[in-house]
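In each ligand, atom 1 is the first atom listed, and ligand 1 is the first ligand listed.
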Amino acid sequence: MTRIIHLSDLHFGFERRELIEPLLDLVNGAEANLVVVTGDLTHRGRSSQFARARAFLRRIEAPLIAVPGNHDIPLYRLTDRMMQPYLRYRRSIADELEPIGHVGAVRVQGLNSVDPMSWQRGILTPAQMRRAVEAVQPDCINIVALHHPMQQRPEVDKALMRGASDALALFERSGVDLVLSGHLHIWSAGAFLAPSGRSLLQIQGGTALCAREDDLQNEFAVLDFAGDELAIHRHVSPMNERGFRPPQIIRFRREGGLWQPG
Ligand SMILES: [Fe+2]
Ligand SMILES: [Fe+2]
């Protein structure tokens, strides 16, 4: 079995401080093979916020990879955003914006979907898509991890990332098995599976620590991969509770290359 923990949208600078220790206890207690953080490590990309994010990440004992989110680049300082958007991210978190994690039978390709020209929306370029599919390894579970979701329900009020539809189609026919994303602060797993299943499973993480009350809850997920079976342990902390509830377990199974619930 390979265990991956998916954290997203930490938003240091606007985080629920009382949840930091319970989150670290659960993350370290899970003894994961890899922790994947899909962006928005900070709330406004400030140096002090990156320092807090870095201190938090350093306390995670498992190997860890992260990709930036739109909140990790300057919003108001336009010159900084255009000229050196990742300066603080690189100083505090990692120089590599598209890291690779490879543990057991699971390979995770990070992609940087942030677009400094369009702060909220995000973009995947054809070159990024190509790099991701060229890295697919047939004998692995191939995961792409990025901040912006590749598909959204129509009621979502944020614009879908540029390139999302092309990337999704390409990933799907090129052997990407699973996509991890964040950004919406709305959890969903397998939301876009067709009744007959789909070769690519999408897991959209909620926010692990953001204190925005409209988000209603914080959460993260532990993913256990064993052959063609995936068990997701979803840990939720409602905003008015001080810790995480016992996890809900959601299962998916692959048959004939297609993911299905169960
Ligand atoms: Fe976020
Ligand atoms: Fe975001």
Any side chain to side chain donor-acceptor pair (under 3.5 Å) involving residues 130-143? Give me the pairs, sequence neighbours left out, ordered by first then second residue.
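For residues 130-143, and leaving out neighbouring residues, the side chain to side chain donor-acceptor pair (under 3.5 Å) pairs sorted by first residue read E98-R131.
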Using 30° and 60° as the class boundaries, would you call the ring planes of H233 and H235 parallel, tilted or perpendicular?
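If you compare the ring of H233 with that of H235, the planes turn out parallel.
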H43 and F14 aromatic ring geometry - parallel, tilted or perpendicular at 30°/60° bounds
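Judged by the thresholds at 30° and 60°, the geometry between F14 and H43 is tilted.
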Derivation and outcome, side-chain contact (heavy atoms from CB on, under 4.5 Å), residues W187 and V236
CA-CA 10 Å; W187 154 271; V236 171; over 6 Å; no
Show your reasoning for whether side chain to side chain donor-acceptor pair (under 3.5 Å) applies to H183 and D40.
CA-CA 7 Å; H183 186 55; D40 284 1; 4.5 Å; no
From the Fe ion (ligand 1), how many protein N/O/S atoms are found at a distance short of 2.8 Å?
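Excluding waters, the total comes to 4.
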Would you kindly confirm whether L34 and L26 end up in one hydrophobic cluster when ILVMFWY residues are joined by side chain heavy atoms under 4.5 Å apart?
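No, no single cluster joins them.
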